[in-house]
Amino acid sequence: MRALIIDDSAVMRKVIERALRQAGLELTEVLQASNGEEALQALRDDGGKPHPLSLILSDINMPIMDGLQFLEQRRDEKLAVGVPVVMITTEGSEPLVLRAISAGAQGYICKPFTAEQVKARVLPLLRVA
């Protein structure tokens, strides 16, 4: 399984990766981006790979391009269509969550989080996909 983790903190990207592994996901490759712009480029570069991405996890608050802008641009460019996106954020406010879902996110996890919370939010999305 291949995943893309988007967060402006390298430490948080490692924490998210570890939580995915603790949740029982067998990650064969983890792509990383520190903002939405880098993530879009990673998706553009990844387009023709034989093993497509299975999951995208993104922070909302990031410099250059935030997670919501990333979601909207990803949708507009039709990148990684059908790949579930989970937002990971300290922002649990309803307007942000609704905007993320309308832009294509399938769920969100509030920081701080546990591996069990990641498992509960992510595994059902992967079974559907």
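Side-chain atoms are counted along with the backbone in the values below, which use heavy atoms only and exclude waters and symmetry mates.
- Of all heavy-atom pairs between Ala23 and Leu123, the closest is O-CD1, 4.0 Å.
- Of the inter-residue distances, the one linking Gln32 atom CD with Glu38 atom CD reads 10.0 Å to the nearest 0.5 angstrom.
- Both Leu27 and Leu55 belong to a single network of hydrophobic side chains, linked directly or stepwise wherever heavy atoms of I, L, V, M, F, W or Y lie under 4.5 Å apart.
- Note that the CG atom of Asn35 and the CG atom of Asn61 stand 13.0 Å from one another [nearest 0.5 Å].
- Note on Ile5: it does not cluster hydrophobically with Ile64, by side-chain heavy-atom contacts below 4.5 Å among ILVMFWY residues.
- A distance of 10.0 Å separates CD1 of Ile6 from CG of Leu31, quoted to the nearest 0.5 Å.
- Heavy-atom minimum distance, Ala3 versus Leu53: C-CD2, 3.8 Å.
- For Val11, the side-chain contact (heavy atoms from CB on, under 4.5 Å) test picks out Ser9, Val15, with sequence neighbours left out.
- A heavy-atom distance below 4.5 Å is not found between the side chains of His51 and Glu29.
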Could you walk me through whether Leu20 and Leu57 pass the side-chain contact (heavy atoms from CB on, under 4.5 Å) test, one step at a time?
CA-CA 10 Å; Leu20 290 172; Leu57 295 109; 3.6 Å; yes

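- The shortest side-chain heavy-atom distance between Thr89 and Lys111 does not fall under the 4.5 Å cut-off.
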Begin with the C-alpha distance, continue with both residues' side-chain angles, and end with the deciding distance and a verdict on side-chain contact (heavy atoms from CB on, under 4.5 Å) for Leu4 and Val83.
CA-CA 10 Å; Leu4 170 60; Val83 177; over 6 Å; no

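- Here OG of Ser34 is found 14.5 Å from CE of Met12. Values are rounded to the nearest 0.5 Å.
- Residues Glu77 and Gln73 have side chains that bring a donor and an acceptor to within less than 3.5 angstrom of each other.
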Does the pair Leu71 and Arg99 meet the rule for a side-chain contact (heavy atoms from CB on, under 4.5 Å), with working shown?
CA-CA 10 Å; Leu71 278 175; Arg99 183 173 163 204; over 6 Å; no

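- In this structure, Thr28 and Arg2 have side chains that are in contact, with non-hydrogen atoms separated by less than 4.5 Å.
- Side chains of Phe70 and Leu79 form no contact here, defined as non-hydrogen atoms less than 4.5 Å apart.
- Taking hydrophobic clusters as Ile, Leu, Val, Met, Phe, Trp and Tyr residues chained together by side-chain heavy-atom distances below 4.5 Å, Leu98 does not share a cluster with Ile109.
- Lys14 has a carboxylate O that lies under 4.0 Å from a charged side-chain N of Glu17, or vice versa, which qualifies the two as a salt bridge.
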Go through the steps for Ile88 and Ile16 under the test side-chain contact (heavy atoms from CB on, under 4.5 Å), then give the verdict.
CA-CA 9 Å; Ile88 298 181; Ile16 294 166; 3.8 Å; yes

